[in-house]
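One structure below.
These values consider heavy atoms only, across backbone and side chains, with no hydrogens, waters or symmetry-generated copies. Each residue takes its place number in the sequence, starting with 1. Keep in mind that what you see is a predicted model, and the values were worked out from it rather than measured.
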Amino acid sequence: MEHEIKTLTARLLAQRVVPRADALARKALLDDIFRQELDKSLAAVGLRLVENPYAEYIAVALLPEMTEPVFGSGDAWLNNNLGLPRDGVALLVILWALIILPKRERQIARVEAGKESQSDMFGAQKPLETGETVSTGVSEDALYADFGKALGGRTRFAANLGRLVNLGFIVRRNRWLDEGPMLDLMIDYAQLAPRIIEGALSDVLLRREGREALADKRAPDELAGDSEDEIGADDVESAGPLFDLPPDDAADEETR
């Protein structure tokens with residue numbers, strides 16, 4: 001067992017992700033004793049196993065108590081340890097919202113992409129899908145048209161996409177962006193999803209995905225009010241740019 005734990009730990013550190021279907025990954029997920037020893041081994045160096053049933057891979061991340069020593073050890077608090085600039089983090093969050101939120105809805109409803117309107121009386125009994133049947137990507141050109149200028153222009157947009165590809169967050173094929181192995185692992189759905197649906201990105205997603213679809217997710221009290229204040233197809237006003245980066249200084253917004 002000790003050799004298997006060392007092997008899996010080394011692979012997680014060297015490769016960053018291991019498929020759930022891998023023999024050692026399955027053992028870590030199904031064998032309680034093996035998992036306890038793996039957790040103990042990772043905790044000894046300040047790490048923990050990251051996995052969720054909606055993702056195809058497993059990975060490692062910092063233990064909560066190690067966040068401050070790692071991210072706050074320099075002159076300024078880091079917002080990530082991947083070398084992403086501020087506009088790169090913003091692009092990552094947008095991609096996560098456009099790819100993972102619809103994916104999770106399909107997974108919970110047990111429906112495949114493109115079949116959301118079809119009812120299935122045995123849907124709840126289907127196994128949980130995690131691949132391309134539930135995860136659809138976004139067009140790179142459409143993404144740039146919607147957010148490119150707010151994210152620093154064509155050069156910064158392309159550079160940050162390249163970073164996200166190299167880090168394993170997205171897969172880029174023929175100007176189409178699909179989910180990468182890290183996208184559904186390294187961002188906490190329970191924390192970020194409510195903030196996006198009900199908060200900072202809600203107006204952006206109303207414009208991007210259709211006003212009515214997201215308006216239905218908001219709390220009833222937020223939709224209450226006079227008729228002139230109600231959300232409709234013609235009277236939703238933009239909250240303005242989500243990421244207001246000065247064009248001349250965008251290249252210098254690296255997190256230090």
Side-chain angles (χ1 to χ4, degrees), residues 76-105 113 135-180 182-184 186-189 191-218 222 229 231-256:
W77 185 276
L78 299 176
N79 65 4
N80 70 91
N81 63 341
L82 302 173
L84 286 175
R86 189 179 69 174
D87 50 357
V89 175
L91 178 58
L92 173 59
V93 172
I94 291 171
L95 283 166
W96 185 90
L98 295 178
I99 296 175
I100 299 301
L101 287 181
K103 170 193 169 183
R104 189 71 88 251
E105 290 184 357
S135 180
T136 60
V138 296
S139 165
E140 181 178 332
D141 293 331
L143 185 68
Y144 180 79
D146 286 339
F147 304 105
K149 292 183 179 180
L151 294 174
R154 177 66 69 180
T155 301
R156 294 291 296 173
F157 181 81
N160 285 322
L161 274 184
R163 289 187 178 101
L164 296 180
V165 170
N166 293 336
L167 291 170
F169 286 107
I170 58 172
V171 177
R172 195 179 190 182
R173 301 189 188 96
N174 299 321
R175 306 194 68 77
W176 189 262
L177 307 175
D178 287 308
E179 174 189 352
M182 300 283 280
L183 190 61
D184 203 1
M186 294 292 103
I187 297 179
D188 190 335
Y189 180 91
Q191 289 191 17
L192 188 59
R195 298 181 184 182
I196 289 177
I197 295 172
E198 303 168 5
L201 278 175
S202 60
D203 185 65
V204 174
L205 291 181
L206 281 170
R207 300 196 307 269
R208 178 64 176 83
E209 295 184 329
R211 294 184 172 98
E212 293 182 0
L214 193 64
D216 291 340
K217 298 178 184 294
R218 291 179 171 175
E222 293 181 352
D229 296 327
I231 295 178
D234 300 320
D235 58 6
V236 174
E237 297 182 359
S238 171
L242 179 62
F243 306 105
D244 188 12
L245 295 180
D248 296 335
D249 300 330
D252 299 326
E253 288 295 334
E254 299 279 348
T255 302
R256 302 188 183 277

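- Atom CG in L143 sits 6.5 Å away from atom CZ in F147 (nearest 0.5 Å).
- Looking at residues two or more places apart in sequence or on another chain, you find a side chain to side chain contact (heavy atoms under 4.5 Å, CB included) between D188 and A190, Q191.
- Counting heavy atoms from C-beta outward, V171 and E179 have side chains that stay 4.5 Å or more apart.
- Here the straight-line distance linking atom CG of L84 with atom CZ of F169 works out to 6.5 Å at 0.5 Å rounding.
- Summarising the geometry of P102 relative to A97, their closest heavy-atom pair is CD-O, 3.5 Å, with the distance given to 0.1 Å.
- Within the model, atoms CG of L92 and CG of L164 stand 5.5 Å from one another, a figure rounded to the nearest 0.5 Å.
- One distance of note links CG of L177 with CG of L95; it measures 6.0 Å at 0.5 Å rounding.
- Between N174 atom CG and S139 atom OG the span is 11.5 Å, to the nearest 0.5 Å.
- Classified by interplanar angle (parallel below 30°, tilted 30° to 60°, perpendicular above 60°), the ring pair Y144/F157 is perpendicular.
- By the side-chain hydrogen bond (donor to acceptor under 3.5 Å, both in side chains) test, R172 pairs with E140, sequence neighbours left out.
- Each of D184, T136, V138, D178 was compared with I99 under the side chain to side chain contact (heavy atoms under 4.5 Å, CB included) criterion, and only V138 meets it.
- Between the side chains of N160 and R163, a donor-acceptor pair is found at a separation under 3.5 Å.
- In this structure, the side chains of M182 and L167 stay at 4.5 Å or more apart for every pair of heavy atoms.
- For the atom pair CG (L192) and CH2 (W96), the distance works out to 4.5 Å, reported to the nearest 0.5 Å.
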